[in-house]
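A quick write-up on the structure given underneath.
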Amino acid sequence: MNLAEHVLRAGLAAPDRLAMSVLGLSRADRWSHARLRQAVLGTATGLLQSGLAPGDRLLMRLGNNPGFPVTYLGAIAAGIVPVPTSPMLTAPEIGKIAAAIRPAMIVADDGIALPDHPAPVLPAAQLADFAALPPAGFAQAAPDDLAYIVFTSGTSGQPRAVCHAHRAILARQMMFQGWYGLTAQDRLLHAGAFNWTFTLGTGLMDPWTIGATALIPAEGVAPEQIPLIASRHGATILAAAPGVFRRMLRPEWQPWAGLRHGLSAGERLDPGLRRDWQARTGTDLHEAMGMSECSTFLSGSPARPAPEGTAGFPQPGRRIAILDETGAEAPPGTPGILAVHRSDPGLFLGYLDQPEETAARFQGDWFLTGDLAEATPEGAIRTLGRSDDMMNAGGFRVAPGEVEDALSALPDAGDVAAAELPVGPGLSIIAAFWTGPARPEAMRQQAETTLARYKQPREYIRLPALPRTPTGKINRRALRDIHRKDR
């Protein structure tokens, strides 16, 4: 099999159908399935002619443009292993990644930091010429063969190279009804940049796999303008991180005919934002939870919406468990570590050149996600935060998400985060951070009326924006560092 061949197969039945449209405020760059296939396979030829061979690793340093998914799929089609990275990474950060993966080549846009590494650099400007080359054939591989490498967001300060097999694309089909409710007739608009793996999977590859149309905002389109272009181009599903949905809701606009629902991932969805979306659009906002090692595996969906306060249900075909300290499956209502069975086709092959680190993440046949969760009697999963993010308040363990959900319900709170802050030898407190215009007194009163005393923050710190990782998640380590610098 070949992952790229699987993604492009549906387009063969309708080569002139719209596969992708890059939406500006006044114009759109439209790609048919035939154009997309030619660009991918022509790029495969160009990469091979540039000196790369099957099995080589290609470090991708590309900006927000269609060249990103075309190069990614072109490499996989040729049997080359792409390593997509965030353009926000600095030279020292990308240097560590290059040292870990030892790329045979780097493809780069102008103005994006490069590593100090001997691999030759292929200018991204040449990719446009590759698209017109004679198409390469698809390099065939076993389902368990390495297809691509992505890096964890590195909230712990130690990002890891996560190796995925060609079979990972088969597991993504569990999301089509388990999260998206996706059909071939949909026009799915993803608000993220091309060079974000959330966009690459949910916004591009999955619609192409089923024969649907992918819509992507052009560079420079603000989140507040997305409803305008989405309505103009008949988007039926919107996908974005929660913070982008919050910005979408700032201006006044009316839902358009054909809008079915929204999809949220990247960080926890607070219930208040979901309610605001429902009130504005009359549709639901379905959250999914996943990770670099397994993409998404837990979600609400049109067929089975998540009960409020939960992240939803295991996607059909997934085998998920919550394990207690002994490794046994915890009963409903009992917190434990969320785990995915090693038989899941979407589960990673391992961390590159780190067999001990890989083995440490498994307990028997279960991959330990590091997330704390508990199940409801109906089988929905309530997430409680990362096990290493848990806060200790006077001997009680408190999940950041519980505090954040309570405070986010306050109007004008904006984005909210909670973290444990050290205040002295062996002493720490819970602190709340927020970005909206709400006053500290209002935040404190909200906590007093919605949270037990031991869960209430002792310090309230307003920030212009919450620090985030390159993948958009709240960076709690940075929150603690901000506090240290301010003292």
Side-chain angles (χ1 to χ4, degrees), residues 1-23 28-49 54 58 65-82 84 127-143 145 147-148 164-177 180-190 194 197 199-216 233-237 239 295 345-346:
M1 69 173 295
N2 183 286
L3 184 153
E5 183 179 22
H6 185 86
V7 170
L8 299 175
R9 185 174 295 143
L12 290 172
D16 295 329
R17 187 175 181 183
L18 184 64
M20 173 175 64
S21 189
V22 186
L23 309 179
D29 179 15
R30 298 167 62 86
W31 291 60
S32 68
H33 281 284
R35 179 187 176 189
L36 175 65
R37 187 182 184 88
Q38 171 58 46
V40 168
L41 295 181
T43 297
T45 297
L47 293 174
L48 292 169
Q49 291 180 353
L58 175 66
N65 58 72
F68 181 86
V70 168
T71 302
Y72 175 84
L73 288 175
I76 294 175
I80 298 161
V81 179
L127 296 176
D129 297 330
F130 288 174
L133 292 174
F138 291 99
Q140 295 303 306
D145 284 349
Y148 63 96
H164 277 286
H166 285 267
R167 58 173 161 75
I169 195 65
L170 304 178
R172 298 196 64 85
Q173 296 177 56
M174 300 176 184
M175 305 179 204
F176 290 1
Q177 294 307 314
Y180 304 155
L182 186 65
T183 71
Q185 289 70 47
D186 275 310
R187 298 167 71 88
L188 192 157
L189 188 153
H190 197 296
F194 277 103
T197 52
T199 310
L200 182 64
T202 297
L204 296 168
M205 292 198 302
D206 292 342
W208 294 337
T209 298
I210 202 172
T213 298
L215 306 175
I216 303 291
H233 294 273
T236 58
I237 300 174
S295 192

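Atom CD of Q140 and atom NE2 of H166 lie 9.0 Å apart (nearest 0.5 Å). The distance from the OH atom of Y148 to the CG atom of L200 is 8.5 Å, given to the nearest 0.5 Å. The line from OG1 of T213 to CH2 of W31 is 14.5 Å long, rounded to the nearest 0.5 Å. Separating the CG atom in L47 from the CD1 atom in I80 is a distance of 5.0 Å, to the nearest 0.5 Å. Summarising the geometry, atom NE2 belonging to H233 is positioned 9.0 Å from atom CG belonging to L189; distances are rounded to the nearest 0.5 Å. Between R30 atom CZ and M20 atom CE the span is 11.5 Å, to the nearest 0.5 Å.
Judged purely by atom type and a 3.5 angstrom limit, T43 has no side-chain atom pairing as donor or acceptor with the backbone of T71. Side chain of N2 to backbone of A4: a donor-acceptor contact under 3.5 angstrom is found. Formation of a donor-acceptor pair under 3.5 Å by the R187 side chain with backbone atoms of T236 is not found in this model. Looking at Q177, its side chain does come within 3.5 Å of a backbone N or O of L182 through a donor-acceptor pair. In terms of modelled atom types and a separation under 3.5 Å, the side chain of E5 and the main chain of G137 share no donor-acceptor contact. Side chain of T45 to backbone of L133: no donor-acceptor contact under 3.5 angstrom is found. Under the 3.5 Å distance criterion, the side-chain polar atoms of R17 are matched with a main-chain donor or acceptor of G211.
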Test log, rule side-chain contact (heavy atoms from CB on, under 4.5 Å), inputs L23 and I216:
CA-CA 6 Å; L23 309 179; I216 303 291; over 6 Å; no
What do the steps show when you test F176 against T183 for side-chain contact (heavy atoms from CB on, under 4.5 Å), and what is the final call?
CA-CA 8 Å; F176 290 1; T183 71; over 6 Å; no
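The two residues S295 and M175 have their closest heavy-atom pair at OG-CE, 3.1 Å. For F194 against V22, the heavy-atom pair with the smallest separation is CZ-CG2, 3.7 Å. When all heavy atoms of L127 and G67 are compared, the closest pair comes out as CD1-O, 4.4 Å. Closest heavy-atom contact between A165 and A147: C-CB, 3.8 Å.
Each of I169, V40, L3 was checked for a side chain to side chain contact (heavy atoms under 4.5 Å, CB included) with I76, and the lone residue meeting it is L3.
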Review item, side-chain donor-acceptor pairs of residues 202-210, under 3.5 Å, at least two apart:
unit_1, atom_1, unit_2, atom_2, d
T202, OG1, Y180, OH, 3.0
D206, OD1, R172, NE, 2.8
D206, OD2, R172, NE, 3.0
D206, OD2, R172, NH2, 2.8
D206, OD2, Y180, OH, 2.5
W208, NE1, A19, O, 2.9
T209, OG1, M205, O, 2.7

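Under 4.0 Å is where a charged nitrogen must lie from a carboxylate oxygen, and between R35 and D16 no such pair does.
Within the 4.5 Å cutoff, the side chain of P54 has heavy atoms near those of the L48 side chain. Between L188 and L215 the shortest side-chain heavy-atom distance does not fall below 4.5 Å. Residues M1 and L170 form a side-chain contact, since some pair of their non-hydrogen atoms from C-beta on lies under 4.5 Å apart.
Under 3.5 Å, the side chains of H6 and Q173 contain a donor-acceptor pair of N or O atoms.
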